[in-house]
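Before any comments, here is the structure.
Only this structure's heavy atoms are used, side chains among them; waters, hydrogens and symmetry mates stay out. Numbered from 1 within each chain, the chains take letters A, B, ... in sequence-line order.
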There are 2 protein chains.
Amino acid sequence: MVKRTSFEGDSCPIARSLEALGDWWSFLIIREALFGLRRFGEFQNKLGLAKNILSVRLRSLVDHGILATAPASDGSAYQEYVLTPKGRGTFPILVALRQWSEEFDDAPEEIATILVDRAKGRPVKKLEMRAEDGRLLSPADTMLKPRPAPRRRSAH
Amino acid sequence: MVKRTSFEGDSCPIARSLEALGDWWSFLIIREALFGLRRFGEFQNKLGLAKNILSVRLRSLVDHGILATAPASDGSAYQEYVLTPKGRGTFPILVALRQWSEEFDDAPEEIATILVDRAKGRPVKKLEMRAEDGRLLSPADTMLKPRPAPRRRSAH
DNA sequence: GCCGCATGGTTTTATGATGCAACCACACAA
DNA sequence: TTGTGTGGTTGCATCATAAAACCATGCGGC
């Protein structure tokens with residue numbers, strides 16, 4: 001099978017999320033959806049991708065529970081694509097990607113927008129990794145542990 | 001040109017980071033690198049991807065300044081691939097992806113590992129978005145602002 | 001009631017990327 | 001010098017991607 005090596009059965013959560021989010025376009029579609037776009041044509045105009053690709057990506061995102069199709073809303077007989085909670089949950093990922101660019105991009109002057117706190121107009125703080133008790137953690141302060149065996153509720 | 005739509009000139013920082021990080025394999029290579037893998041063969045064994053693909057991905061990551069080639073280290077005449085600071089800076093992105101899976105995956109019981117605080121062995125806290133003054137922000141509390149005009153240092 | 005146009009897709013087709021397998025190059029050991 | 005392990009590159013079949021053409025539906029004008 002040459003098929004782009006699906007990670008569906010993979011036990012790594014990173015691989016699993018990448019499997020669901022798919023590719024570049026999916027990220028950008030989600031980005032636009034977070035900004036309020038909902039219609040096929042809106043996505044197409046904003047992103048400038050081919051309609052067939054958009055069609056496939058939207059379907060994939062719907063299949064993965066990231067978007068849902070809503071019947072209408074403005075009376076037209078067409079569908080809208082709205083984010084599910086799972087879809088909205090990707091926000092930190094996009095913020096992390098954005099902040100990484102802002103910090104490390106070779107040509108930061110080409111970055112057009114900054115994410116700010118709506119109330120104050122000031123940039124949001126860098127995402128930080130913290131322990132349960134609030135201690136700031138660096139990568140070296142963390143490790144992977146096997147997931148504890150699932151405590152099955154109906155096993156007596 | 002069919003060429004997989006490069007986002008190189010794009011002004012969106014999310015597109016820019018995706019351009020650099022490339023694809024699934026790149027993420028997974030970085031994941032392994034964060035765990036200490038450095039040698040071609042190590043990556044190949046762990047990830048099980050074709051050597052030519054690995055070769056291309058490693059080169060791309062080096063080109064983007066995420067990995068650097070180090071001359072040796074264990075005496076062998078070959079290279080090692082080590083993360084640059086820019087590469088280590090991707091850690092929050094991977095954590096965000098991981099946490100998204102942990103929270104929303106349809107089959108969370110298939111996830112094999114959890115990321116824990118090394119000191120306490122407890123799971124790390126969910127990444128939070130905060131304002132400069134520490135207020136917790138939801139997506140709706142944020143907005144995009146055009147980047148302020150770059151104050152060019154040498155313009156008189 | 002039919003023309004034209006906008007929206008929302010699907011089909012067609014070419015090219016490019018992917019991945020398996022085979023091959024090459026080098027170091028080192030027997 | 002032959003063998004073995006590491007670190008790749010090359011060849012080639014196949015799949016996915018994307019541009020463009022095409023189809024279908026709704027709607028306003030007339």
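- The side chain of B/Q44 places no N or O atom within less than 4.0 Å of a non-bridging phosphate oxygen (OP1 or OP2) of D/dT6.
- Between the CZ atom of A/R38 and the C1' atom of C/dG8 there is a distance of 17 Å, given to the nearest Å.
- In this structure, A/R57 places its CZ atom 16 Å from P of C/dG9, rounding to the nearest Å.
- Side-chain proximity of A/I53 to the nucleotides C/dC20, C/dG9, D/dA18 is greatest for D/dA18.
- Remark: B/S17 engages A/L97, A/W100, A/S101 in a side-chain contact (heavy atoms from CB on, under 4.5 Å) (not counting sequence neighbours).
- Separating the NZ atom of B/K51 from the C1' atom of C/dC24 is a distance of 10 Å, rounded to the nearest angstrom.
- Side-chain proximity of B/W25 to the nucleotides D/dA18, D/dG8, C/dG19 is greatest for C/dG19.
- Between B/Q79 atom CD and C/dC26 atom P the separation is 14 Å, expressed in whole Å.
- The side chain to side chain donor-acceptor pair (under 3.5 Å) test with B/R38 is passed by exactly one of B/E32, B/E80, B/Q79: B/E80.
- One atom, NZ of A/K46, and another, P of C/dG8, lie 17 Å apart when rounded to the nearest Å.
- Applying the salt bridge (charged side-chain N to carboxylate O under 4.0 Å, His left out) test between B/D133 and each of A/K120, A/R122, A/K125 identifies A/K120 as the sole match.
- Between A/R39 and C/dT7, a side-chain N or O to OP1/OP2 separation shorter than 4.0 Å is absent.
- Put simply, CH2 on B/W24 is 11 Å from C1' on D/dT17, counting in whole angstrom units.
- Atom CG in B/L54 sits about 12 Å away from atom P in C/dG19, given to the nearest Å.
- Per the geometry, CZ belonging to A/F40 stands 17 Å off P belonging to D/dG26, to the nearest Å.
- Dashed line: the shortest gap from a side-chain N or O of A/R59 to OP1 or OP2 of C/dT10 is under 4.0 Å.
- If you find the closest nucleotide of DNA chain D to B/N52 and to B/E42, the one lying nearer the 5' end belongs to B/E42.
- An OP1 or OP2 oxygen of D/dT9 is reached within less than 4.0 angstrom by a side-chain nitrogen or oxygen of B/S55.
- Scanning for salt bridge (Lys or Arg N to Asp or Glu O under 4.0 Å) contacts around A/E42 gives an empty result, with sequence neighbours left out.
- Between the side chains of A/S138 and A/D141, a donor-acceptor pair is found at a separation under 3.5 Å.
- Note on B/Y81: every side-chain N or O is 4.0 Å or more away from OP1 and OP2 of D/dG7.
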